[in-house]
Structure formats: structure tokens, C-alpha cells
Amino acid sequence: MDKKWWKESVVYQIYPRSFCDSNGDGIGDLNGITSKMDYLKELGIDVIWLSPVYQSPNADNGYDISDYQAIMEEFGTMEDYDRMLASAHEHGIKIVMDLVVNHTSDEHQWFVESRSSKDNAKRDYYIWRDAKDGHEPNNWHSCFSGSAWKYDETTDMYYLHMFAEKQPDLNWDNPVVRDDVFKMMTWWCDKGIDGFRMDVISMISKVEGLPDGVDGNYTPYVCNGPHVHEYLQEMNEKVLSRYDLLTVGECPAVTVDEAKKYANSNGTELSMVFQFEHMDLDGGETFKWNERKIPLSGLKAVMNKWQTGLENCGWNSLYWCNHDQPRMLSRMGNDSDEYREVSAKMLGTALHMMQGTPYVYQGEELGMTNVPFGSMENIRDIESINAFNELTANGTFDEETMFRYICYKGRDNARTPMQWDDSENAGFTTGTPWIMVNPNYTKINAKEQVSRKDSVFHYYKKLIALRHTEEAVVYGSFNLLMPEDEEVFAYTRTLGSTVLFIACNYSQNEAAVEIPAELAGKKAELLISNYDEQGETAAKTLRAYEAVVWKYTL
């Protein structure tokens with residue numbers, strides 16, 4: 001297998017607005033990130049993925065960019081950015097920037113010019129269409145509710161926005177647009193960054209003619225479009241291949257076969273992709289908010305499909321949490337006082353021992369949980385607010401039910417401030433936080449966990465270290481065990497004569513585990529466990545949320 005630094009790395013995602021506020025305005029900033037480099041170094045991560053810090057009016061918290069080569073004023077200055085980048089590199093940590101080029105802000109100069117007249121030189125930078133029978137050009141739904149089209153009086157036409165109205169989609173079929181994007185990317189690479197996480201990159205190529213979708217579903221005409229691989233190969237040729245980068249594409253609706261093209265071993269496009277199949281297992285009409293919805297057998301089937309499907313021909317990205325997902329501990333684990341820490345450690349073990357590059361979302365290493373928001377007044381996320389308004393207005397859900405759903409799966413669960421200590425506002429800010437702090441910060445915070453050796457923080461530190469010391473964790477083949485079991489997630493990783501046996505109990509019950517025949521009864525080295533007491537061989541039962549990793553040399 002081709003060895004790469006980014007295969008052997010662990011990435012830590014920072015959502016700057018909520019990470020650390022250095023100046024007391026209630027908003028996290030670049031200097032706040034710089035101040036926490038020692039913490040990240042101690043954790044042992046290799047790469048920071050930085051959610052957008054570019055100039056933005058914040059219709060979607062920075063994913064609506066008005067200037068790709070300027071820093072959001074709330075976050076600091078370009079000098080602050082350069083200082084943060086230098087500090088990260090001094091600590092041996094790389095920086096991956098969030099690249100948002102499916103769309104811009106409607107306040108970007110490109111769009112300001114584009115909407116000014118039909119004959120403006122930048123008119124074709126975006127996707128404009130005339131009305132159809134006095135209505136929107138097609139029936140596509142926006143990802144953020146409502147139509148994907150916005151009428152613009154200036155030129156009596158509609159522009160496409162797959163997300164918020166203030167996020168018009170760029171026209172990637174225009175080669176001048178692509179060249180301008182590539183120039184901007186080169187500018188950042190020359191500054192010394194180490195890669196890009198590419199926002200909804202699978203959506204940049206739309207099907208010609210923009211036909212109506214079934215019930216407004218845009219997916220077949222927007223995701224994995226006709227020219228997406230052509231455009232990414234052009235990006236790779238003109239930018240990415242000229243630097244030593246980690247590149248990961250966020251790819252809604254991606255399949256394993258498509259992922260083999262995006263993240264092919266020939267390196268003609270990207271290093272890896274983010275897929276969402278395991279995140280979508282608790283959707284649908286049968287949702288019950290008071291139950292764990294993700295079936296373990298279903299989760300294992302999805303993870304197994306991606307682990308085996310990309311082996312030797314691509315590379316997986318591994319994640320439970322990010323800025324768009326609720327806290328996995330509350331979603332799949334157990335966030336009660338009794339089981340929170342052991343459950344968090346178990347979830348971390350299950351993920352980090354798979355093949356791929358793991359991503360840790362800020363606070364995940366502390367076992368941070370979903371948030372008791374209390375009411376919609378505490379919600380800041382545009383997606384949640386739009387969905388609440390639309391689905392309660394049309395009678396799909398009553399307000400209480402819809403709010404309960406948002407509390408379970410809304411994006412703001414991941415966006416409340418990082419819990420640094422037990423002082424006011426969790427040590428995040430001396431001012432008024434832009435979004436509420438989870439009230440459990442007095443018992444869940446970094447200061448307490450760094451000081452306690454059996455904490456979730458120190459367990460994650462050990463998990464990350466194992467990826468750096470055990471080659472089988474990175475490059476070993478994956479074999480799923482007990483696929484139908486609804487309590488135990490068990491698998492092996494094999495590299496040469498080394499076999500790692502990983503077993504994780506997803507329940508609070510004692511659970512039986514089947515040890516592979518070739519390993520049964522043999523002595524092995526215990527690499528990590530979230531319980532203290534272990535024998536010299538793997539046990540046939542696991543305690544509540546127990547996780548173990550045994551190393552055998554055959």
C-alpha cells in the first residue's frame with residue numbers, strides 16, 4: 001500500500017466561532033486558537049481542519065464567503081492568521097483550510113457584479129435562468145428549505161442557491177470561474193497551508209438543462225454531476241499536485257464506486273472523501289426521539305462496506321462528529337453521568353482503530369454532549385430555524401415535536417462553546433457568548449480532564465498515539481466480525497503477522513463476544529481498554545460499553 005503522511009495523521013476540526021475567544025466579544029477568534037496550541041500538541045493531533053475564517057456576512061456562519069483572501073473581522077486579521085499558522089507549524093501541526101467554492105456569499109464582489117446587469121462580464125459566474133410559466137425555473141428544493149431559486153428584480157431573472165438565499169451557486173461550467181478559484185487556492189498554498197477540506201464539492205457540476213426533480217429532489221441532477229471529476233482533475237493538475245497536501249471532499253450522495261474516482265490511489269483528484277451514509281441511519285419517518293435510533297447492525301454494514309470497498313483503491317475519512325452533526329455520544333452512546341465517559345471512550349475506540357484518517361471534532365475528546373436548548377430562542381443555525389418555520393407552518397410537525405427533533409439532531413449541538421474550564425462561560429469568553437454554553441461545563445471541561453489521567457482526554461491521547469506507533473492501525477486490512485449482533489462491534493485489522501482484535505460493546509448490558517478461532521486462548525498484548533482490569537487473553541464477555549484492543553503476533 002502506498003504510504004502517505006495524511007494516512008498516518010489524526011485531524012482535529014476547529015469551529016473558530018466556538019473554540020476560544022481572546023478579546024471578550026463573545027466570538028471565538030484566531031488568537032484564541034493560537035493560545036491553545038499547547039493543548040492540541042499534548043492531545044497529539046497532527047492536523048487542524050479550520051472551518052471557514054474568510055470574510056463573510058455570516059448568513060451561514062462563514063460558509064457564505066464574501067472575500068476568499070481576507071479574514072473575517074470578528075476572527076482577527078491576516079496577521080493574526082499568519083501568526084496562528086506559524087505557531088501551528090512550530091508545534092508540528094499542519095493546517096487544512098475549509099474551501100467553500102460551490103457557492104459564495106451574495107455580497108461577494110463577483111455576485112455584486114453578476115447581478116448588476118445581464119451583459120456584465122461576471123454574469124456567467126453564477127447560474128441565472130428566466131422564469132418558467134411565471135414561476136421558478138424548476139422545482140428543486142434548497143438544502144435549507146424552500147425553493148432553490150431566488151428572484152432578482154434587477155434583471156428580472158432567478159439565480160440558483162442550493163443552500164441559503166445569500167449563497168448563490170457558482171457556475172463551474174465557466175472556465176474563467178475555475179481559473180479564478182484555482183488562483184485563489186494557489187495563493188493560500190503559497191502562504192504555506194497544508195491542505196483543503198472542500199465543502200459540498202460533489203455538487204459543483206449540475207446536469208445540463210436543470211430538469212425538474214421528483215417532488216423537487218435535486219440530488220440526481222446536482223450531486224456527482226457530469227463534469228465533477230473532470231473539474232477536480234483540472235484542479236489537481238493546476239493546483240493540488242504542485243504541493244504536498246491533504247485534500248478531503250465533502251460529498252453528499254456519494255457511493256463507494258464514485259468515491260473510488262474522487263479518492264483514487266493514482267492521486268488524480270483528492271486524498272479522501274467525507275460520506276454520510278452512517279450519519280443518515282437515524283433519519284426517516286419512523287423516528288422516535290426517546291430511543292437510540294441507529295441500529296448497530298446497520299451501522300456495521302455501512303462501515304464495513306466503506307472499509308472493504310476502498311481498500312487498496314482509495315482512502316476513508318473516519319468521523320463521528322463535525323460542525324454539521326449532533327454529538328455522537330448523545331446520538332449513539334450514553335451521555336448519562338454513569339456511562340458518559342466509558343461510552344465516549346468506546347465510541348472513540350471503534351472509530352480510531354478502523355482504516356482511514358480519523359477526524360476529532362472539538363470537544364469530542366472531552367465527551368461533550370448534546371445541549372438542552374430550552375426553546376427556539378437559543379437556536380442560531382439557519383438550517384434548523386428554516387426547517388422549524390417551514391415544517392410547523394405546513395402542519396408536518398407541531399412545534400413541540402419539531403423542537404425535540406432539533407434538540408436531538410440540530411447542528412447547534414456541535415456549535416456551543418468549547419468547554420475549557422468550570423469558570424463562567426466555560427472559560428470560552430469573558431463576554432457574552434454568541435450562542436449558549438452547555439450548562440454541564442462545570443463537570444465536563446478540559447482543565448479537569450487534562451489533570452485526571454483516566455479521563456476521556458487522556459484516552460483519546462492514547463488512541464491517537466497508537467495510530468503513530470502501530471502500523472497495523474493505519475495500513476492493516478479490515479475484517480468485520482459478528483455482523484448481525486446488535487450489541488457488539490468487533491473486527492480485526494491484519495498486517496503481515498500482526499493481528500489486532502477490536503471489540504466494543506455498544507450497550508449497557510454485559511455482552512458476549514466471539515473471539516476468532518485462530519486467536520482464541522492465545523496470549524496477546526493489550527493495547528488499550530476503557531476498563532482497568534484485564535487478563536492476558538481476550539475475554540468472552542464485555543462489560544457495559546467496554547472496549548478492548550488486543551495485539552497478536554502470529
Query raised in the report: Would you say the side-chain atoms of Asp21 pair up with the backbone N or O of Asn23, donor to acceptor, closer than 3.5 Å?
Result: yes
Query raised in the report: Side chain of Tyr68, backbone of Val100: donor and acceptor closer than 3.5 Å?
Result: yes
Query raised in the report: Taking the side chain from Glu399 and the backbone from Thr392, do they hold a donor-acceptor pair closer than 3.5 Å?
Result: no
Report task. Rounded to the nearest 0.5 Å, what's the gap from OH on Tyr54 to CZ on Phe75? Could you check? Result -> 12.0 Å
Requested in this report: Rounded to the nearest 0.5 Å, what's the gap from CG on Asp169 to CG on Asn102? Could you check?
Outcome: 4.5 Å
Requested in this report: State which residues pass salt bridge (Lys or Arg N to Asp or Glu O under 4.0 Å) with Asp257; sequence neighbours excluded, sorted by chain then number.
Outcome: Lys260
Query raised in the report: Do the side-chain N and O atoms of Gln362 and His323 include a donor-acceptor pair separated by under 3.5 angstrom?
Result: no
**Report entry** Distance, nearest 0.5 Å, that separates OH of Tyr159 from OG1 of Thr155
**Finding:** 11.0 Å
Requested in this report: Could I get the full list of side-chain hydrogen bond (donor to acceptor under 3.5 Å, both in side chains) partners for Ser22, not counting sequence neighbours?
Outcome: Asp29
Query - Qualifying residues under salt bridge (Lys or Arg N to Asp or Glu O under 4.0 Å), relative to Lys300, sequence neighbours excluded - result: none
Query raised in the report: According to the interplanar angle, ranging from 0 to 90°, do the rings of Tyr319 and Phe274 count as parallel (below 30°), tilted (30 to 60°) or perpendicular (above 60°)?
Result: perpendicular
Query raised in the report: Which residues satisfy the side-chain hydrogen bond (donor to acceptor under 3.5 Å, both in side chains) test with Asp337, sequence neighbours excluded?
Result: Lys443
**Report entry** Where at least one partner belongs to residues 364-380, residue pairs that pass salt bridge (Lys or Arg N to Asp or Glu O under 4.0 Å), sequence neighbours excluded
**Finding:** none
**Report entry** Check: Glu484/Ser297 side-chain N/O donor and acceptor closer than 3.5 Å
**Finding:** no
Requested in this report: For Asn370 and Pro326, indicate whether the former's side chain and the latter's backbone hold a donor-acceptor pair under 3.5 Å.
Outcome: no
Report task. Show the numbers, then the answer: is there a side-chain contact (heavy atoms from CB on, under 4.5 Å) between Met418 and Met368? Result -> CA-CA 9 Å; Met418 179 72 172; Met368 282 179 60; 4.2 Å; yes
Query raised in the report: Checking Gln167 side chain against Ala164 main chain: does a donor-acceptor pair fall under 3.5 Å?
Result: yes
Query raised in the report: For the atom pair OG1 (Thr308) and CG (Asn316), what is the distance rounded to the nearest 0.5 Å?
Result: 9.0 Å
Query raised in the report: Regarding Ser343 and Asn334, is there a side-chain donor-to-acceptor distance under 3.5 Å anywhere?
Result: no
Query - For Cys251, side-chain contact (heavy atoms from CB on, under 4.5 Å) partners two or more places apart - result: Ile201, Ser202, Val254, Tyr262, Val273
Query raised in the report: Nearest heavy-atom pair of Asn509 and Glu487: which atoms, and what distance?
Result: ND2-OE2, 3.2 Å
Report task. Mind checking ring pair (Phe, Tyr, Trp, His ring centres under 6.0 Å) for Phe144 and listing every partner two or more places apart, or none if nothing turns up? Result -> Phe163
Report task. Return yes if some donor-acceptor pair links the side-chain N/O of Tyr491 with the main-chain N/O of Ala350 below 3.5 Å, else return no. Result -> yes
Query raised in the report: For the residue pair Phe428 and Ile27, what are the closest heavy atoms and their distance?
Result: CZ-C, 4.1 Å
Query raised in the report: Charged N to carboxylate O below 4.0 Å: is that the case for Arg197 and Asp199?
Result: yes
Report task. Going by the side chain to side chain donor-acceptor pair (under 3.5 Å) test, name the single residue among Asp324, Asp98, Asn58 that passes it with Tyr63. Result -> Asp98
Query raised in the report: Under 3.5 Å, is there a donor-acceptor pair between the Asn139 and Tyr218 side chains?
Result: no
Query raised in the report: Any side-chain donor-acceptor pair under 3.5 Å between Asp173 and Tyr231?
Result: yes
Report task. List the atom of Tyr339, the atom of Ala544, and the distance in Å for their closest heavy-atom pair. Result -> CE2-CB, 3.6 Å
Requested in this report: For Ser317 and Thr357, test the side chains for any donor-to-acceptor distance below 3.5 angstrom and give the result as yes or no.
Outcome: no
**Report entry** Between Asp335 and Ser330, a side-chain donor and acceptor under 3.5 Å
**Finding:** yes
Query raised in the report: Does Lys206 make a cation-pi contact with Trp140 (under 6.0 Å, within 45 degrees of the axis)?
Result: no
Report task. Go through Gln325 and Phe276 one step at a time and tell me if the side-chain contact (heavy atoms from CB on, under 4.5 Å) criterion holds. Result -> CA-CA 10 Å; Gln325 302 292 338; Phe276 297 95; 4.0 Å; yes
**Report entry** Contact summary for Asp64 and Asn61, nearest pair of heavy atoms
**Finding:** OD1-N, 4.0 Å
Query raised in the report: Can a donor-acceptor pair be found between the side chains of Asn138 and Trp149 at a distance below 3.5 Å?
Result: yes
**Report entry** Shortest non-hydrogen separation from Met272 to Leu246 and the atoms involved
**Finding:** CE-CG, 4.1 Å
Query - Pair Trp128, Ser114: side-chain N/O donor-acceptor within cut-off below 3.5 Å - result: yes
**Report entry** Any pair counted as salt bridge (Lys or Arg N to Asp or Glu O under 4.0 Å), so long as it reaches residues 416-440, sequence neighbours left out
**Finding:** none
Query raised in the report: Does the ring-ring contact (aromatic ring centres under 6.0 Å, His included) test come out yes or no for Phe111 and Tyr126, once each step is laid out?
Result: CA-CA 7 Å; Phe111 190 75; Tyr126 297 85; 4.9 Å; yes
Report task. Sort and list the pairs that fulfil salt bridge (Lys or Arg N to Asp or Glu O under 4.0 Å) and have at least one residue in residues 381-397, not counting sequence neighbours. Result -> Asp381-Arg411, Asp381-Arg415, Glu383-Arg411
**Report entry** Asn530 side chain to Val342 backbone, donor-acceptor under 3.5 Å
**Finding:** yes
**Report entry** Residues which pass ring pair (Phe, Tyr, Trp, His ring centres under 6.0 Å) with Tyr441, listed by chain and number, not counting sequence neighbours
**Finding:** none
Query raised in the report: Can you check side-chain contact (heavy atoms from CB on, under 4.5 Å) on Thr104 and Leu170, steps first, answer last?
Result: CA-CA 7 Å; Thr104 70; Leu170 283 165; 3.8 Å; yes
**Report entry** Reported OH-to-NZ distance for the pair Tyr545 and Lys345, which is rounded to 0.5 angstrom
**Finding:** 15.0 Å
Requested in this report: Please report the C-alpha distance between Met203 and His103 in whole Å, then the side-chain angles of each, then the deciding distance to 0.1 Å, and finally whether the side-chain contact (heavy atoms from CB on, under 4.5 Å) criterion is met.
Outcome: CA-CA 10 Å; Met203 296 174 66; His103 48 265; over 6 Å; no
Query raised in the report: Is it true that the side chains of Ser51 and Gln13 contain a donor and an acceptor less than 3.5 Å apart?
Result: yes
Query raised in the report: What pairs with Phe196 under ring pair (Phe, Tyr, Trp, His ring centres under 6.0 Å), at least two apart in sequence or on another chain?
Result: none
Query - Lys166, NZ atom: more than 12 neighbouring heavy atoms under 6.0 Å - result: yes
Report task. For Pro168 and Asp106, work out which heavy atoms get closest and say how close. Result -> CD-N, 3.6 Å
Report task. Might you confirm whether atom CG of Asp215 has over 12 heavy atoms from other residues, nucleotides or ligands at distances under 6.0 Å? Result -> no
Query raised in the report: If you round to the nearest 0.5 Å, how far is CD1 of Ile48 from CZ of Phe19?
Result: 7.0 Å
Report summary line: Hits for side-chain hydrogen bond (donor to acceptor under 3.5 Å, both in side chains) against Glu510, two or more places apart or cross-chain, chain-then-number order -> none
